[in-house]
Amino acid sequence: MNEVTPDLVAQIATRLFNEVPGTPAPSTPLPEFAPALPVRPEPPAIPAGNSIPFLELPFNAPATVPTSIPIPPSATSFSDPARFGSFSLPTEQPPQDDRLRNFIQQIRTSHVHSRDGLCADAPEQNFLFRSLSSGRTTATGPRPFDVESVRKDFPALHQQVHGKPLVWLDNAATTQKPQSVIDTLSNYYSRDNSNIHRAAHTLAARSTDAYEQAREKVQRFIGAGSVNEIVFVRGTTEGINLIAQTYGRKFLQPGDEIVMSTLEHHANIVPWQMVAKERGAVIRVIPVNDRGEVMLEQYQALLSPRTRLVALTHASNSLGTILPIAEMIAMAKRFNARVLIDAAQSIAHLPINVQQLDLDFLVFSGHKIFGPTGIGAVFAKEELLEIMPPWQGGGNMIKTVTFEETTYNPPPARFEAGTPNIADAVGLGAALDYVSRLGLPNISKHEHALLEYGTEKLLKIDGLRLIGTAREKVGVLSFVLPNRKTESIGKALDAEGIAVRAGHHCAQPSLRRFGLEATVRPSISLYNTHDDIDRLADAIRRIMRMS
């Protein structure tokens, strides 16, 4: 077994990329690598001297290499985050050497292992792949998150509104889409468009494969144990309604209790109110303190043997508060309660592993994580899906139909009646690929720095009241100004080219806790910059000076 060292990487890099054009390749073959964990079939053999078809990385391999190698943008759509983990964005200028393009294509289909398993959970060890593909590795390791490179991936950001460059700070409502997602949707409709399943033709096979591969990407992204635990829906709202109308209607009994927090979005309140009224269940609400944080002692007091379900947001859309869900799930499990997490506001910012958390249900929307609108996903434990009745009837969810009786398919098909939103599921898969390439830890670090900077800038504005000052937050900066209506503030900011949300944010109970009916809500994402925050603060000061 050859040890992967910086010297070996330098040798490989020199052999692959630093030859003089037209010079024959050296006759000495590159070192061979044998798989330590052959969890995938070995790819077809590729001639030695041109690529390394199978790479094994020591788990504690050094994180530096002596060279920096660019990657062409055309090679950035790595479709398997579980194999490649997180790395930085490529440089903009593609190399002219076609051998580099071929090498990157071969890397995409190779197997990258560490001795302790796949490298997705330890991207800092995956130095060989990063050095050959990211174009961001130097003698001191990978470069920091490059927001300017990220911004180039989002065409909608490069426009003017009212004659001024757009500042998109409405990310809690929806995120802009990277070119890779736009291209994926265009390519699907241009090439693969077909209904899925039960067809013998090629396009149906390609469309079915793309749809089911998207399901696999969701499974890996949230750490589910099986693709059978992933159900595609229109978004978070439909997902919660599905759970309420299936699990809730079947298992809630009179006197059972549903516990939720004051911070919930209406989508995680209204469906449970409807089912509770029908079934005779009771809703209990966890209060929050003046910072907008849930009060865990009061939560503990609400839990009892009557608690059937705990339904919580992971991050508040109105205040940005991150709930301590690991601790809250563990507390609920002591009473054998099921737990649902609304991850709409956290999915693009915070890593989630449903198995580690012992979650029963999780829901999120694709458009909150740079994917298309009209698509989302429900995770539910397989044993729960098996006993949950179908919600909607029609094609795809059935096994046999007669006029006397219908039998149903197993999950997840049982909960996906009719023609699904195939193209947008494929687009969601592309969005998850994009986020996985950047790495949620990198994204979180960048966004947290912006949140701290924005908090400091806004608090220096006389008269501005920041709503929600929890110690753990996603990038939400809700505020109000004295004697200014939120709608008028939103319109004044729009005139400056700054897009924010102004209103109750479908979270009225959380705002009423602070004596408010509405706030102005700038919200941060991975493509925002310090300049965006500066423009926001300057515009607010101008609004304050207006008569």
Carefully, step by step, assess D360 and Y247 under the rule side-chain hydrogen bond (donor to acceptor under 3.5 Å, both in side chains). CA-CA 11 Å; D360 300 291; Y247 177 84; over 6 Å; no

With a 6.0 Å cut-off (strictly less than), is the heavy-atom count around CD of Q392, excluding the residue itself, greater than 12? yes

Quick one: which of L263, L516, V288 gives a side-chain contact (heavy atoms from CB on, under 4.5 Å) with S510? L263

Less than 6.0 Å separating the ring centroids of F221 and F364? no

Nearest heavy-atom pair of G454 and I533: which atoms, and what distance? CA-CG2, 3.5 Å

Heavy-atom side-chain contact between N193 and Y188 under 4.5 Å: yes

E264 side chain vs T313 backbone, donor-acceptor pair below 3.5 Å: yes

Got I286 and L312 here, is their nearest side-chain heavy-atom distance under 4.5 Å? yes

Is a side-chain N or O of K164 found less than 3.5 angstrom from the main chain of D494, in a donor-acceptor match? no

Would you please test R541 and D538 for salt bridge (Lys or Arg N to Asp or Glu O under 4.0 Å) and show each step? CA-CA 5 Å; R541 288 190 180 94; D538 291 343; 3.6 Å; yes

Are the side chains of L362 and L359 in touch, meaning some heavy atoms are under 4.5 Å apart? yes

Mind checking whether H266 and H505 have ring centres under 6.0 Å apart? no

Nearest 0.5 Å please: distance from the CZ atom of R234 over to the CG atom of D424. 12.5 Å

For the ring pair F232 and Y211, is the centre-to-centre distance below 6.0 Å? yes

Show the numbers, then the answer: is there a salt bridge (Lys or Arg N to Asp or Glu O under 4.0 Å) between E416 and R215? CA-CA 12 Å; E416 294 181 0; R215 196 189 307 275; 2.8 Å; yes

Might you work through the side-chain hydrogen bond (donor to acceptor under 3.5 Å, both in side chains) test for Q245 and N241, ending with a clear yes or no? CA-CA 6 Å; Q245 294 297 319; N241 275 275; 5.1 Å; no

Is any side-chain heavy atom of R521 closer than 4.5 Å to one of N317? yes

Counting distance only, does the side-chain N/O of S365 pair as donor-acceptor with the main-chain N or O of A344 below 3.5 Å? no

Scan residues 283-295 for pairs that pass salt bridge (charged side-chain N to carboxylate O under 4.0 Å, His left out), counting only residues two or more places apart or in two chains. E257-R284, D290-R513, R291-E293, E293-R471

Just wondering, are more than 12 heavy atoms of other shown residues or ligands nearer than 6.0 Å to CD in E472? no

N396 (side chain) donor-acceptor with A417 (main chain) under 3.5 angstrom: no

Set of side-chain hydrogen bond (donor to acceptor under 3.5 Å, both in side chains) partners for Q176, sequence neighbours left out: none

Please determine which of T373, T174, T175 meets the side-chain hydrogen bond (donor to acceptor under 3.5 Å, both in side chains) test together with H367. T174

Salt bridge or not for E496 and R535, using N-O below 4.0 Å? no

Check K460 with E456, please: is the shortest side-chain N to carboxylate O separation under 4.0 Å? yes

Is a donor on one side and an acceptor on the other found under 3.5 Å between the side chain of S525 and the backbone of N171? no

